[in-house]
Amino acid sequence: MPDTEAGQPFSTTVARAGEVLHLLAESPAGIGITDLTRRLNTQRAPLYRILEALIRHRLVSRDDQKRYRLGVGTIQLARAYSAQFPAGMEQMLRDLANEAEITATLVSADGDVLTTVVSVTPSTNAEHVFTPPGFRHPMGPLATRIAIEASRPPAEGDSEAVRDARKKGYAVAQGTVAPVRFAVAAAVPSASATGSTLAVALVSLEDFDADAIAPSVVRTAQLLSMTM
């Protein structure tokens, strides 16, 4: 039955199916029906119908222990999404990661939700940060979030970090969300062809000279923009 949000109709069944997929994406070991109904605060009968529909479309699978996981059909969707990006995207990020000796990540913003598109670690033996494709980043003043906000028109409520990033063309975050994570990020100009705002970031477990490497981050963001 359609419901409304902000005056716009939407299907509560589809919304619940989306919640199921997100929950399974966060649970690679699988989830049983009892846990699913509890975590989604719903009844078994309608949830079974949603799960069976998702199984038919291969978006969800059920193992012998009756635990539900993401299905192979999600791979096809992920590949279709990745096809929106330039073929040389990973190589550009790999070049940046090797130059800085820090993990380079491309992040997509949908509203206030930040999701990793691709993350590339440098060719060194040191310990590096890595977030897999589809990883949803925590809330808070992440460098990527600041850079993306700074790429938008000025607003009265902009933080000092956003105003500073708008002047510099990049954002720096030093242990502001997680005390052992340091990052510098730049928004990808005119990346609307993908339907999302994008940002390139270098993320490290150790502090580094963000201002010194920032021009390379900005250059990579610009190169990505030119290929889209």
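In this chain, residues are counted from 1 in sequence order.
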Less than 4.5 Å apart, any side-chain heavy atom of Val172 and any of Asp211?
-> yes
Give the C-alpha distance, both sets of side-chain angles, the deciding distance and a yes or no for side chain to side chain donor-acceptor pair (under 3.5 Å) between Thr144 and His137.
-> CA-CA 10 Å; Thr144 44; His137 295 256; 5.4 Å; no
Which residues pass the side-chain contact (heavy atoms from CB on, under 4.5 Å) test with Gln65, sequence neighbours left out?
-> Asp63, Arg67
Heavy-atom nearest pair, Pro141 first then Ala173, reads O-CB, 3.8 Å
Just how far is it from atom NE2 of His57 to atom CD1 of Ile55, taken to the nearest 0.5 Å?
-> 11.5 Å
Decide side-chain contact (heavy atoms from CB on, under 4.5 Å) for Asp35 and Arg38; before the verdict, give the C-alpha distance in whole Å, the side-chain angles of both, and the deciding distance to 0.1 Å.
-> CA-CA 5 Å; Asp35 198 16; Arg38 178 183 60 81; 2.4 Å; yes
Arg136 side chain reached by Leu114 side chain, heavy atoms, under 4.5 Å | no
Nearest heavy-atom contact between Tyr170 and Ala186 is CB-CB, 4.4 Å
NZ/NE/NH1/NH2 to OD/OE distance under 4.0 Å, Arg152 and Asp158 = no
Exactly one candidate in Thr197, Val162, Leu142 meets side-chain contact (heavy atoms from CB on, under 4.5 Å) with Ile148; the answer is Thr197
Keeping the roles fixed (side chain from Ser225, backbone from Ala221), state whether a donor-acceptor pair exists under 3.5 Å.
-> no
Using the side-chain contact (heavy atoms from CB on, under 4.5 Å) rule, take Ser61 and Val72 through it: C-alpha gap first, then chi angles, then the decisive distance, then the call.
-> CA-CA 8 Å; Ser61 65; Val72 295; over 6 Å; no
Determine yes or no for a side-chain-to-main-chain donor-acceptor pair under 3.5 angstrom, with Thr116 supplying the side chain and Val118 the backbone.
-> no
Quick one: does Arg166's side chain have a donor or acceptor within less than 3.5 Å of a partner on Ser151's backbone?
-> no
Distance from Ile50 atom CD1 to Leu36 atom CG, nearest 0.5 Å?
-> 10.5 Å
Step-by-step salt bridge (Lys or Arg N to Asp or Glu O under 4.0 Å) determination, Glu149 to Arg163 | CA-CA 9 Å; Glu149 290 180 5; Arg163 291 194 296 269; over 6 Å; no
Would you check if Leu198 and Leu224 make a side-chain contact, meaning some heavy-atom pair closer than 4.5 Å?
-> no
Could you tell me whether Lys167 and Asp164 make a salt bridge, using a distance below 4.0 angstrom between a side-chain N and a carboxylate O?
-> no
Met226 CE to Met92 CE distance, which is reported to the nearest 0.5 Å = 9.0 Å
Less than 4.0 Å between a side-chain N and a carboxylate O, is that true for Arg94 and Glu90?
-> yes
Any idea which heavy atoms bring Ala147 and Ala187 closest together, and the distance?
-> O-CB, 3.8 Å
Leu23 with Tyr48, same ILVMFWY side-chain cluster at under 4.5 Å | yes
Indicate yes or no: at least one non-hydrogen side-chain atom of Val20 is less than 4.5 angstrom from one of Leu47.
-> yes
Between CD1 on residue Ile146 and CD on residue Glu160, distance to nearest 0.5 Å = 11.0 Å
Straight-line distance of Asn98 CG to Gln91 CD, nearest 0.5 Å | 8.5 Å
Pairing of Glu19 and Arg39 as salt bridge, 4.0 angstrom limit | no
Intermediate values then yes/no, side-chain contact (heavy atoms from CB on, under 4.5 Å), Ile31 and Tyr68 = CA-CA 5 Å; Ile31 309 178; Tyr68 295 90; 5.5 Å; no
Side-chain heavy atoms of Phe130 within contact of Thr105, under 4.5 Å = no
Is the shortest heavy-atom distance from the side chain of Leu59 to the side chain of Leu21 under 4.5 Å?
-> yes
Give a yes or no on whether the backbone of Gly140 and the side-chain of Arg145 come within a donor-acceptor separation of less than 3.5 Å.
-> yes
Got a donor-acceptor contact below 3.5 angstrom from the Asp110 side chain to the Val113 backbone?
-> no
Within a strict 4.5 Å, meaning less than it, do heavy atoms of the Lys66 and Ile33 side chains meet?
-> no
Full working for side-chain contact (heavy atoms from CB on, under 4.5 Å) between Leu202 and Phe182 | CA-CA 8 Å; Leu202 290 174; Phe182 306 88; over 6 Å; no
May I ask you to check whether Glu101 and Thr124 show a side-chain donor-acceptor distance below 3.5 Å?
-> no
Looking only at non-hydrogen atoms, find the nearest pair between Ala25 and Leu70 and report the distance.
-> CA-CD1, 3.7 Å
Decide, yes or no, whether a salt bridge links Glu52 with Arg62 under the criterion of side-chain N to carboxylate O below 4.0 Å.
-> yes
Just wondering, do Pro122 and Ile102 contact through their side chains at under 4.5 Å, heavy atoms?
-> no
With a 3.5 Å cut-off and no angle check, do the side chains of Arg44 and Thr34 form a donor-acceptor pair?
-> yes
